[in-house]
Amino acid sequence: MHGADPPTRAPAGTAALNDPQRAAVEHEAGPLLVFAGAGSGKTRVITHRIARLLEHHRVPPYRVLAVTFTNKAAAEMRARVSALAGPEVTSDLWAGTFHAVCARLLRRYHAEVGLERSFTIYDDSDQRALVARVAKTLGYDDRQHPPKQVLSWIHAQKREARAPGEAEPILPAHAAAAEIYGGYQRALAAANAVDFDDLLLHVMRLAESESPAGSELRARFSHVLVDEFQDTNAVQYRLVRALAARERNVCVVGDDDQSIYRWRGADVRIILGFRRDFPDAAVVKLEQNYRSTANVVRAALAVIEPAREREPKRLWTASPPGDPICIRGVRDEREEATMVVRQVAEERARGVGPRDIAVFYRTHAQSRVLEEAFRGARIPYQVIGGHRFFDRAEVKDLLAYLRLIANPRSDADLLRVVNVPTRGIGDKTIDRVLSVAAARGTSAWDAIDAAASELGSGPRSRLVAFRDAVAELRRAAPGITVHDLAERVLETTGYRAALVKADDAESDARLENLAELLGSIQEWEDETRGAGREPELADYLERVALASAVDLAGDEGAVSLMTVHAAKGLEFRVVLLTGMEEEVFPYRGLDGAAPEELDEERRLAYVAITRARERLVASFATLRTLFGRTRWGEPSRFLEALPSEIVRGEGLARDFGQRRASSRRAPGERWVEPEEAACSASAWGDDPAREVTTARPTGAAARSAEPAEAPAAGPRLRRGDAVRHARFGRGVVESGDGASIVSVRFATVGTKRIDARFLERAAPS
DNA sequence: AGCATCTGTTTTTTT
DNA sequence: AACAGATGCT
């Protein structure tokens, strides 16, 4: 499913489907629930089923809705249906993520929910900024009500389809949050904007309503198919139920073992809800895995089986055992990165293509060391997700201009660019405009004229000039391509000129990024025309707003680095699973993990393992620095769970037992025998550097990177302690709780932040 | 207005 | 360790 690999294992054609697959494909009418184990040919079933609906049952393509987890998956589905049923039918097929499908429907039914057709989709930072602004207007202190927390509470409400008035204030702070929620929704409406949740909520409410649009929506699709159903939230489910209400031809496909998005409102119990709402649903279980070797399947089962509350099922495979699971203990994350790079080089030498190799980690923070190693080894790689291209300031600026042109009422965008580049529109002027807007309940754009009359002539003329510049671009927009519009923005706003004038390394980089953005716009326009549609600004902005990490990944011949979450739905010949230590994976936040959370980690590990077709290499580090903390790590319980007969390397369960038993090893003890550590001796075994890299640190003096337990720290200092510094003299600790850096107020030089090692205790004055 | 600096803050996972 | 946001300074 990743890259251009055709499905090689299960042959094409309906005849080649196995029994349950065929049952799911040929299921005639009415609700259908498919439990699809990892690698069980789920995508085949969905594509064959759609092709059959189109060909055999003569269902018009525009009456089929297929919801996928990423837009890339939708595109692939389209392509595969085309291959089966002919290309002409699939352009009218409705296929996309919940969000993309709803955005498209909203462009049609915008008036019914009080939006203009050109509404803007607010991303995370837009949302947070808006919450902060609303909270401030309502007079709330942002320390007492941090926008981030308020926003996440608002999201929690919206995921349960609760309007501001219906929200449940459990804590006192929630009353404030509820009020902010109300103001937030009003501000969105004034800005002709929606957030991600609104895309779903608006359409759900419409589809459940008795309005003409509601009945139209309920009759619109004769068949609704939902992939990755286990990660559906309450709103998404209600939406599906409503859209399928008329004909009840709803087919949901999922795997409760792969439910990994509880934290954003997905609820496996939705499957129970489905069975309640559609008691007559046919149930099909796809249990044969075609993707992976038997060893990989066994490993995956060993990890998932202890999970509570699983749908009874039995994943099996007819594949040969294949290579054992390779487990590698390394000293720290740097050595892990070295190991990963070598393994990749070895796989490449064996003829495995770069696209067939993936490196997984639990959190994005782990990617940096890996990236450095890849760069050092000059191996092409791409990071999926993480710090995104579209997060860069200059890219956001240009997009903000484009969004403002499409929808001038979008306050978030106006505020972002009104003084970028600097044009003498300062805080005072902006405050004026905002307070007029707030007083009238309009957007900032609509308040400009009224506000301008209250301003002095200088600020007024600058503000009006900005308004006219945007208005002029807006007039020009329909007549030119998106690319040319973006180009014109850079020219007429002076944005490019400002960067050229600055003439330093940073502005050069920014210009390059902008050139890249322009190039990608051009590329998108070419693609869109190639698909026979006229590229429109609104479509482009929507695509940018709703693209997932995987959607944005190029198809270059590069090794992919990604979080396990991003790997969902993908597969690779070789998977390198890094950071397999307790606390890292399973991830343990500050508070101890609840059992449900641990189960989610378990399912996440299951997803990770089942991505591998041929080979799985898992690594753990004795010492890991993450989020600025260096700590000892123990091998993950998910490694311990693996049966020793399918494992090679030093991952045998009894080794773990020994290591557990002796929490502190004897100084100088080697716990990695080189012969054992080498899963394939060729690349890893015969390296002179191995002595250094695989031996565990011999006591505290071995390296400069020390674990938190044995820091080379000065005295443990607390607030109020009197200290002495060689140069600054006497001082008093102002903050710091035993950490190595403390803040000290000196009599001589004022307050300094300083490493505790340079301090000694002094007698209290 | 704009810069620098400092501070606190944050890091699970994302449409 | 890295970042964003805020504050204070020029």
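Below, chains carry the letters A, B, ... as their sequence lines are ordered, and counting in each starts from 1.
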Calculate the interatomic distance between [X] atom [atom1] and [N] atom [atom2]; express it in whole Å.
X	N	atom1	atom2	value
Leu598(A)	dT13(B)	CG	C1'	15 Å
Gln149(A)	dG8(B)	CD	P	18 Å
Asp197(A)	dT14(B)	CG	P	16 Å
Phe585(A)	dT11(B)	CZ	P	20 Å
Arg624(A)	dT11(B)	CZ	P	19 Å
Gln366(A)	dT11(B)	CD	C1'	10 Å
Asp231(A)	dT14(B)	CG	C1'	11 Å
Arg128(A)	dA4(C)	CZ	C1'	9 Å

Answer yes when Arg334(A) and Asp332(A) have at least one side-chain N-carboxylate O distance shorter than 4.0 Å, and no when they do not.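 A salt bridge is absent here (no side-chain N lies under 4.0 Å from a carboxylate O).
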Quick check on [N]: is either OP1 or OP2 less than 4.0 Å from any side-chain nitrogen or oxygen of [X]?
X	N	result
Thr70(A)	dT15(B)	no
His565(A)	dT15(B)	no
Lys148(A)	dT11(B)	yes
Arg264(A)	dT13(B)	no

Is Phe69(A) touching bases, backbone alone, or none of the nucleic acid, heavy atoms closer than 4.0 Å?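 No contact.
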Tell me what Ile425(A) touches on the nucleic acid: a base, only sugar-phosphate, or nothing, going by heavy atoms under 4.0 Å.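 Sugar-phosphate: the residue Ile425(A), judged by heavy atoms under 4.0 Å, touches backbone atoms but no base.
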Taking for each residue the nucleotide of DNA chain B with the nearest heavy atom, is it Gly426(A) or Leu546(A) whose nucleotide lies nearer the 5' end?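 Upstream on the strand: Gly426(A).
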Hey, which sits more toward the 5' end of DNA chain B by its nearest nucleotide, Phe196(A) or Arg462(A)?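 This one resolves to Arg462(A).
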What distance do Leu206(A) atom CG and Leu201(A) atom CG have between them, rounded to the nearest 0.5 Å?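 That separation rounds to 12.0 Å.
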Can you tell me how far the CD atom of Gln258(A) sits from the CD atom of Glu228(A), to the nearest 0.5 Å?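 Rounded to the nearest 0.5 Å, the CD-CD separation comes out at 6.5 Å.
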From the options [options], select the nucleotide whose nearest atom is closest to the side chain of [X].
X	options	result
Tyr587(A)	dT11(B), dG5(C), dT14(B)	dT11(B)
Asp124(A)	dT11(B), dA2(C), dT15(B)	dT15(B)
Asn419(A)	dT10(B), dT14(B), dA1(B)	dA1(B)

Can you confirm whether or not the ring centre of Phe69(A) sits under 6.0 Å from the ring centre of Tyr261(A)?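 Centroid distance Phe69(A)-Tyr261(A): below 6.0 Å, so yes.
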Are Arg107(A) and Phe119(A) in a cation-pi contact, defined as NZ or CZ under 6.0 Å from the six-membered ring centre and within 45° of the axis?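 Yes, Arg107(A) and Phe119(A) form such a contact.
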Would you call Trp263(A) stacked on dT13(B), i.e. ring centres under 5.5 Å apart with the planes less than 30° off parallel?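 Check passed, Trp263(A) stacks on base of dT13(B).
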